[in-house]
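One structure below.
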There are 2 protein chains.
Amino acid sequence: MSRNVLLLPGDGIGPEIVAEAEKVLNKVNDQFNLGLTFDKALVGGAAIDATDSPLPDETLEKARNADAILLGAVGGPQWDSLPMAKRPEKGLLGLRSNLQLFANLRPAILYPQLASASSLKPEVVSGLDILIVRELTGGIYFGQPRGVRELENGERQGYNTYQYTESEIRRIGRVAFEAAQQRGKKLCSVDKANVLEVTVLWREIMEDLKREYPDVELSHMYVDNAAMQLVRAPKQFDVIVTGNMFGDILSDEAAMLTGSIGMLPSASLNSEKQGMYEPCHGSAPDIAGQGIANPLATIISAAMMLRYSLNEEKAAEAIEAAVSKVLDQGLRTADIMSDGGQKVSTREMGEAVLSAL
Amino acid sequence: MSRNVLLLPGDGIGPEIVAEAEKVLNKVNDQFNLGLTFDKALVGGAAIDATDSPLPDETLEKARNADAILLGAVGGPQWDSLPMAKRPEKGLLGLRSNLQLFANLRPAILYPQLASASSLKPEVVSGLDILIVRELTGGIYFGQPRGVRELENGERQGYNTYQYTESEIRRIGRVAFEAAQQRGKKLCSVDKANVLEVTVLWREIMEDLKREYPDVELSHMYVDNAAMQLVRAPKQFDVIVTGNMFGDILSDEAAMLTGSIGMLPSASLNSEKQGMYEPCHGSAPDIAGQGIANPLATIISAAMMLRYSLNEEKAAEAIEAAVSKVLDQGLRTADIMSDGGQKVSTREMGEAVLSAL
Ligand SMILES: [Mg+2]
Ligand SMILES: [Mg+2]
């Protein structure tokens with residue numbers, strides 16, 4: 001069985017970090033006999049420069065046929081003056097909507113070796129390992145009607161619609177319950193069911209799903225309390241599931257608990273487990289081409305890809321263990337550098353992971 | 001000029017903590033010749049027990065005529081089985097809507113003496129002093145239409161409406177700009193203007209208001225980034241202004257940064273600066289009547305009342321200085337107790353503040 005992985009290096013530091021992840025993928029492909037084949041395509045600013053579109057037809061076609069996609073990052077100042085519809089970011093949004101990547105998986109993991117980077121006390125965050133499952137293609141960011149209207153008294157009113165259907169809630173709920181089954185078997189659904197009807201339905205469907213996953217312990221938490229609990233005692237969580245907007249807020253808050261965004265991967269999946277994987281950090285145009293970017297979030301994204309889209313848990317764990325080993329060795333790119341560390345380049349970090357495999 | 005303050009002890013620990021704040025108010029009333037008169041009324045569960053309503057007409061009438069209201073807390077398990085409309089919390093909601101208390105002021109202050117209570121590193125939070133101004137009577141929590149409807153395909157969809165008019169944004173904006181003028185002259189408006197039209201209008205109005213407050217430096221931040229920045233470097237903020245839902249989330253997150261919710265006051269104001277002041281913590285029925293509750297959040301709420309509704313800055317500062325002094329002395333109620341502190345009762349803490357005045 002041959003499975004195809006599409007690499008989308010993108011812009012800024014994207015090509016540099018994807019190159020290191022590609023080497024790592026090649027090595028585990030051999031080691032574990034995964035039978036992966038690789039292809040490459042343009043997206044974002046790089047695609048605009050070459051084809052005048054952030055998501056060329058050829059790229060979309062390749063993405064549709066891929067079992068999984070590994071993306072670097074898109075965007076940069078040279079494309080900021082383009083009209084909204086032509087921006088590099090539209091390349092990502094186009095992939096998400098065309099492939100129906102409704103499930104965003106955002107781990108917040110703090111490697112013990114990097115605990116000092118967090119603004120929280122080490123004992124509060126060391127060993128943190130949360131997975132936030134965020135609905136990505138619905139909710140208030142996509143709800144209709146929306147806009148700015150003029151009221152009868154002549155003043156303007158802005159309005160947006162927060163909405164979810166049963167089936168939208170059910171499909172993201174399943175992803176979360178299944179992720180919890182693979183992990184610590186604890187799922188916390190975050191809503192605002194004491195105020196918002198849309199999340200009353202959300203809670204009802206989550207309760208309903210629970211019966212299909214008797215091995216998972218389901219709890220519910222209001223979003224304001226969740227924002228507090230993430231600060232107070234983040235290790236109480238295993239998997240969190242929530243809607244698009246709450247997930248946007250909480251996944252970023254959770255990421256920052258670790259203090260090292262350069263280490264965090266993410267995944268966006270559809271119902272067939274086809275997925276797009278990318279680091280949480282951006283294209284960092286200010287350091288692009290200097291060979292100093294941290295490739296680890298992209299390498300860890302590749303591990304996530306093996307786990308969630310390609311069902312190759314062992315290869316995923318091997319990569320994660322190799323990353324942990326290079327951190328143990330004290331190797332640090334500039335963004336995670338601290339006293340006693342050994343500063344390495346993008347390539348040196350990639351090579352170290354390869355050697356540790 | 002005589003000004004009237006209405007005391008609403010409420011339920012649980014409410015009567016105990018309001019009693020201490022009342023003593024403190026009486027003392028500054030004499031010391032600073034404030035000319036305050038005090039009245040008392042029932043609200044919440046206590047009012048339900050006596051009158052069958054969480055907000056009796058008499059209480060509402062007294063509240064309307066008061067210059068400011070100091071509330072303890074409402075609620076407790078004995079009223080949890082009542083129908084929604086008869087719950088103790090409805091007493092508060094009724095006061096907010098009847099008095100049009102649209103501006104919720106939520107300070108997040110970390111007294112250096114309590115820095116160790118925070119889950120964040122002392123250097124990140126020590127001396128933290130943020131004010132979050134949250135719109136309280138509009139936005140998605142009150143927007144229409146709302147509910148759960150059946151779609152044509154037979155499945156249900158939950159929906160809520162996030163909406164703000166220009167005038168709603170303008171009036172909360174003014175409160176925030178004026179608060180910033182009284183403080184560090186920095187205002188950060190939090191929105192999601194890259195996605196939500198209602199907050200595009202929000203940002204436009206804030207920009208428009210800026211011209212009336214040239215001494216205040218206005219910045220804008222997306223809500224997901226704000227949730228991160230509060231964790232990463234909370235001291236970068238002075239005043240934050242945002243809508244009802246984002247304010248709900250961020251003010252609770254900011255409160256938890258301090259690690260001592262038992263110290264945090266809040267205010268809810270209308271256009272005439274009439275306001276209701278209350279501690280952020282709840283009625284804590286589990287420790288009610290034991291004389292061990294922390295009265296400081298209520299005492300600091302009284303200071304806020306003097307500052308924002310009664311324009312008595314000096315008396316407010318005197319109370320705050322007295323609180324800081326008793327903390328310096330090492331006095332701690334159980335909730336903020338730590339090594340080396342001297343554990344005191346509710347009354348002892350109140351008396352210590354009185355002596356320090
Ligand atoms: Mg975000
Ligand atoms: Mg709240």
Side-chain angles (χ1 to χ4, degrees), chain A residues 118-125 140-141 143 145-148 151 153 155-169 192 195-202 204-205 222-234 245-246 248-257 259 261, chain B residues 118-125 140-143 145-148 151 153 155-169 192 195-202 204 222-234 245-246 248-257 259 261:
Chain A
S118 172
S119 57
L120 276 75
K121 291 177 179 161
E123 64 270 26
V124 179
V125 283
I140 195 168
Y141 291 173
R146 63 194 297 157
V148 177
L151 300 179
N153 66 5
E155 74 167 325
R156 289 174 300 158
Q157 181 186 53
Y159 60 102
N160 285 88
T161 304
Y162 185 2
Q163 58 189 30
Y164 273 116
T165 63
E166 289 180 69
S167 55
E168 284 176 311
I169 301 168
K192 189 70 185 175
V195 184
L196 299 177
E197 285 85 348
V198 54
T199 66
V200 172
L201 185 64
W202 178 281
E204 179 194 320
I205 301 294
Y222 298 138
V223 61
D224 47 336
N225 190 25
M228 294 176 88
Q229 295 303 324
L230 279 173
V231 167
R232 194 186 69 81
M245 178 177 53
F246 293 161
D248 187 12
I249 298 169
L250 296 181
S251 65
D252 281 340
E253 180 185 347
M256 191 49 91
L257 296 175
I261 304 260
Chain B
S118 172
S119 57
L120 276 73
K121 291 177 180 160
E123 65 270 26
V124 179
V125 282
I140 195 168
Y141 290 174
F142 294 90
R146 63 194 298 159
V148 177
L151 300 180
N153 66 7
E155 73 167 325
R156 289 174 299 158
Q157 180 188 52
Y159 60 103
N160 285 87
T161 304
Y162 185 2
Q163 59 190 29
Y164 274 116
T165 63
E166 289 179 68
S167 56
E168 284 176 311
I169 302 167
K192 189 70 184 177
V195 184
L196 299 176
E197 285 86 350
V198 54
T199 67
V200 172
L201 185 64
W202 178 280
E204 179 195 319
Y222 297 138
V223 61
D224 47 336
N225 190 26
M228 294 175 90
Q229 295 303 322
L230 279 173
V231 167
R232 194 186 69 83
M245 176 177 56
F246 293 160
D248 187 12
I249 298 169
L250 295 181
S251 65
D252 281 340
E253 179 185 347
M256 191 48 91
L257 295 176
I261 304 262

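Below, read A as the first sequence line, B as the second, and so on, with proteins coming before strands; counting in each chain starts at 1.
- The shortest distance between side-chain heavy atoms of Y159(A) and V198(B) does not fall below 4.5 Å.
- If you measure heavy-atom distances from I140(A) to chain B, the contacts under 4.5 Å come from both the backbone and the side chain.
- Side-chain contact between V148(A) and V200(B): absent, with no pair of heavy atoms (C-beta onward) separated by less than 4.5 Å.
- Counting heavy-atom pairs closer than 4.5 Å to chain B, the top residue among G143(A), S118(A), G259(A) is S118(A).
- Proximity to chain A (any heavy atom under 4.5 Å) is shown, for L230(B), by neither the backbone nor the side chain.
- Side-chain contact between V223(A) and M245(B) is absent, with no heavy-atom pair separated by less than 4.5 Å.
- Contact annotation for L250(A): neither backbone nor side-chain heavy atoms come within less than 4.5 Å of a heavy atom of chain B.
- Two residues are said to be in side-chain contact when any heavy atoms from C-beta on lie closer than 4.5 Å; Q163(A) and N160(B) fail this criterion.
- Contacts between F246(A) and chain B at a heavy-atom distance below 4.5 Å involve the side chain alone, from C-beta outward.
- Residues E253(A) and R232(B) are not paired through a salt bridge, judged by the lack of any N-O separation under 4.0 Å between the basic side chain and the carboxylate.
- Using a 4.0 Å cut-off between charged nitrogen and carboxylate oxygen, R156(A) and E197(B) do not count as a salt-bridge pair.
- Interface check for chain A: of the options E123(B), E204(B), Q229(B), the most heavy-atom pairs under 4.5 Å are formed by E204(B).
- In terms of heavy-atom pairs under 4.5 Å with chain A, the best-connected choice from V195(B), T161(B), L196(B), V125(B) is L196(B).
- The part of V124(A) that comes within reach of chain B is its side chain, from C-beta onward, which places non-hydrogen atoms under 4.5 angstrom from that chain.
- Within the 4.5 angstrom heavy-atom criterion, no atom of S251(B) approaches chain A.
- In terms of modelled atom types and a separation under 3.5 Å, the side chain of S119(A) and the main chain of V231(B) share a donor-acceptor contact.
- The candidate from D224(A), L151(A), I205(A), I169(A) with the greatest count of non-hydrogen atom pairs under 4.5 Å with chain B is D224(A).
- With a 4.5 angstrom heavy-atom cutoff, I249(B) touches chain A via backbone and side-chain atoms both.
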